[in-house]
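The analysis underlying the following values was restricted to heavy atoms, covering all of them including side chains, and did not include hydrogens, waters or symmetry mates. The sequence lines fix the lettering, A, B, ..., with proteins before strands; numbering per chain opens at 1.
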There are 2 protein chains.
Amino acid sequence: MSAKTKRRKARKPARALADHRERSFDTAYRKLRELIVHGRLAPGTRVVEADIARRLEISRTPVRSALHRLQQEGYVAAYRSSRQARLAVAPLTKEDSRELYWIIGHIEGLAGRLLAQLNEEARARVAERLLVINTELSRLAGNPQTNPSRIFDLDMGFHQVLVESAAGPRLLALHAAIKPQTERYWRLYASAIVDQLGESVAEHKSIIQSIERGDPDATEHAIQRNWQCGAERLGRVIESRGERGSW
Amino acid sequence: MSAKTKRRKARKPARALADHRERSFDTAYRKLRELIVHGRLAPGTRVVEADIARRLEISRTPVRSALHRLQQEGYVAAYRSSRQARLAVAPLTKEDSRELYWIIGHIEGLAGRLLAQLNEEARARVAERLLVINTELSRLAGNPQTNPSRIFDLDMGFHQVLVESAAGPRLLALHAAIKPQTERYWRLYASAIVDQLGESVAEHKSIIQSIERGDPDATEHAIQRNWQCGAERLGRVIESRGERGSW
DNA sequence: GAATCCGCGATTGTATACAAAAAGTAGAAC
DNA sequence: GTTCTACTTTTTGTATACAATCGCGGATTC
């Protein structure tokens, strides 16, 4: 037994970083998700395993796994008749976006609540990180030529910091599963985003201040408000473009 | 085109209700989940696809799908080394239970908030349904010989009504994915539950009253409190039994 | 005696073949 | 022209074979 522990201790840490090929499942998941998010697979489009497999030049097996997961995450919807299921890209609607943003707002709000309860030092550290991101966002807000993807990444990062700093593993996982879905709506909205970015930056400031003050209620509320306002900004754009799942 | 629509309208509705065999995937998912929930697969146990497949007398394929899903739902945890993943039954800890109950409390709280905003008639209808369930629970609370499963089902039903009455599809799906996980802890706790059932019944009453009054804040809070108290009751039991993932 | 390397068994990931079921289609009956 | 029905096609679900990878244990070397 002592030998065993010693051996385990001696285990070689040189993990095979050598080969960075990703598993087919991962490519399938990643690429499919990208196709959906970027709208190359339009909402409502039927998804056929064999087609995707051909397109990605892999077998149906990993495609199937990826679709299973995407289904659970809400990117694809299943219309099933007793045994077999037909999959389609989940539609984007104003109602769905409202619910989605509403839920995320509350989940992240919970994380914010925890965050505001940390000790002062930790809060200051987080606030600092948030401030850096938000300053960059603020800077980009002035520039109308900014790449929307860059803005999305920054905003994503902002909220990621918010959650990962204090949330437990379950809350983190939940957030990780739900948050990326906003990207679909974000893309829809990309053109109009730069104009309204200032509002979001202001809301972020309010969040940061609440954290610095260590005020759980205010932090939770500020985060919720940020998402709710986001939903409204988004709603206006969807409205103006006509709601059909076209694009 | 008119012919086409007509033909669709004429489609035979006689759906094959004949054959109720479920898909292998469903049996795999159901049985595996049951094994885990009932502790026949103890927390920390490694899960090997081939073993499960043999045990259930089906091929690895549906087992694999089921494991994928159980993994995403948090029943099994994956420890992966670059490419291959090793699966194990997720451990049960006091910390995890606290986070789980905390999250559910808030998610259901959201549903309760929506519920309390319905019109009076709808609220009354829901309150009535809740009252029926809670009365039955109250009745069972007096009887020390009650089957714990019966109590679990009733409580599950109570919370189900709470959510399905007003929540949108996403919130519903989220709840459906998370809520069943409490069953693992509930089983752990089953012996001690009957003693403390009275408390839960009282909390339920408070929830029902808030709904009848149409008070969103109170409803949300009451639901949160119900879950938080549940977590505490559970925590005491786990504590007293020693926390190791034994059973 | 301890650390390192190598090879084998165990286990996961992928591809393919096959079975089953549903949707579409054409044709017959009225 | 419509409706029911039998057939064909498409697509999903399952089984199995194969490849890649991991972990463990023994052999080797100093």
Side-chain angles (χ1 to χ4, degrees), chain A residues 1-30 45-71 76-88, chain B residues 1-30 45-71 76-88:
Chain A
M1 182 176 176
S2 104
K4 200 171 182 181
T5 38
K6 278 198 180 172
R7 190 179 299 123
R8 183 180 314 153
K9 179 166 169 272
R11 178 140 304 289
K12 178 160 44 179
R15 266 263 307 293
L17 261 302
D19 199 342
H20 274 279
R21 270 180 315 174
E22 65 181 350
R23 300 177 312 180
S24 299
F25 167 83
D26 292 320
T27 67
Y29 176 77
R30 196 171 43 75
T45 307
R46 223 193 125 187
V47 178
V48 176
E49 292 176 1
D51 293 348
I52 306 292
R54 266 193 299 276
R55 191 163 175 172
L56 301 183
E57 295 181 316
I58 55 181
S59 86
R60 267 181 56 212
T61 312
V63 172
R64 199 176 163 71
S65 302
L67 283 174
H68 251 275
R69 181 157 165 194
L70 288 166
Q71 182 184 341
V76 307
Y79 306 98
R80 52 177 17 177
S81 52
S82 66
R83 294 270 200 99
Q84 287 191 174
R86 301 181 69 141
L87 300 178
Chain B
M1 182 178 176
S2 103
K4 200 170 183 181
T5 39
K6 280 198 179 170
R7 191 179 300 124
R8 184 181 312 155
K9 177 168 169 269
R11 176 138 306 288
K12 178 158 44 177
R15 264 265 305 295
L17 260 302
D19 198 343
H20 275 279
R21 270 180 315 174
E22 65 181 349
R23 300 176 315 186
S24 299
F25 167 83
D26 292 321
T27 67
Y29 176 78
R30 198 172 42 76
T45 308
R46 216 189 133 187
V47 178
V48 176
E49 293 177 1
D51 292 349
I52 307 291
R54 266 193 300 275
R55 191 162 173 174
L56 301 183
E57 293 181 317
I58 55 181
S59 87
R60 268 181 58 212
T61 312
V63 171
R64 201 176 161 70
S65 301
L67 283 174
H68 251 275
R69 180 157 166 194
L70 288 166
Q71 182 185 339
V76 306
Y79 306 96
R80 54 177 17 176
S81 53
S82 66
R83 297 270 199 97
Q84 286 190 173
R86 301 178 70 144
L87 300 179

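Residues satisfying the salt bridge (charged side-chain N to carboxylate O under 4.0 Å, His left out) criterion with A:Arg86, sequence neighbours excluded, are absent altogether. Remark: B:Gln71 pairs with no residue by the side-chain hydrogen bond (donor to acceptor under 3.5 Å, both in side chains) rule, at least two apart or across chains. A:Arg64 pairs by the side chain to side chain contact (heavy atoms under 4.5 Å, CB included) definition with A:Glu49, A:Arg60, not counting sequence neighbours. In this view, A:Arg46 satisfies the side-chain hydrogen bond (donor to acceptor under 3.5 Å, both in side chains) rule with no residue, not counting sequence neighbours. Not counting sequence neighbours, the partners of A:Thr61 by the side chain to side chain contact (heavy atoms under 4.5 Å, CB included) test are A:Ser59. Partners of B:Phe25 by ring-ring contact (aromatic ring centres under 6.0 Å, His included), not counting sequence neighbours, listed by chain and number: A:His68. Partners of B:Arg55 according to the side-chain hydrogen bond (donor to acceptor under 3.5 Å, both in side chains) rule, which considers only residues two or more places apart in sequence or in another chain, do not exist here.
The nearest whole Å value for the distance from the CZ atom in B:Arg86 to the P atom in C:dT12 is 8 Å. A straight line from CD of B:Gln84 to P of C:dG13 spans 6 Å, rounded to a whole angstrom. Between the CD atom of A:Gln71 and the C1' atom of D:dT12 there is a distance of 12 Å, rounded to whole Å. Protein atom CG of B:Leu87 is 15 Å distant from nucleotide atom P of D:dC22, rounded to whole Å.
Put simply, B:Arg83 has no side-chain N or O that comes within less than 4.0 Å of OP1 or OP2 on C:dG13.
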At a cut-off of 3.5 Å, list every protein nitrogen or oxygen paired with a nitrogen or oxygen from nucleotides 14-17 of chain C, distance to 0.1 Å.
residue: C:dT14; atom: OP1; partner: A:Ser24; partner atom: N; Å: 2.5
residue: C:dT14; atom: OP1; partner: A:Phe25; partner atom: N; Å: 3.4
residue: C:dA15; atom: OP2; partner: A:Ser59; partner atom: N; Å: 2.9
residue: C:dA15; atom: OP2; partner: A:Ser59; partner atom: OG; Å: 2.9
residue: C:dA15; atom: N7; partner: A:Thr61; partner atom: OG1; Å: 2.7

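Taking OH of B:Tyr79 as the start and CG of B:Leu87 as the end, the distance is 10.0 Å to the nearest 0.5 Å. Of the inter-residue distances, the one linking A:Arg69 atom CZ with B:Arg69 atom CZ reads 14.5 Å to the nearest 0.5 angstrom.
DNA chain D lies under 4.0 Å from at least one heavy atom of each of the following residues of residues 45-56 of chain A: A:Arg46, A:Val47, A:Val48, A:Glu49.
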Given A:Thr27 and A:Leu56, is the side-chain contact (heavy atoms from CB on, under 4.5 Å) satisfied, shown in steps?
CA-CA 8 Å; A:Thr27 67; A:Leu56 301 183; 5.6 Å; no
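When all heavy atoms are compared, the tightest approach of B:Glu22 to B:Arg30 is OE2-NH2, 2.6 Å.
End-to-end axis angle of the helix from C:dG1-D:dC30 to C:dC30-D:dG1, using five pairs per end and rounding to 10°, comes to 10°.
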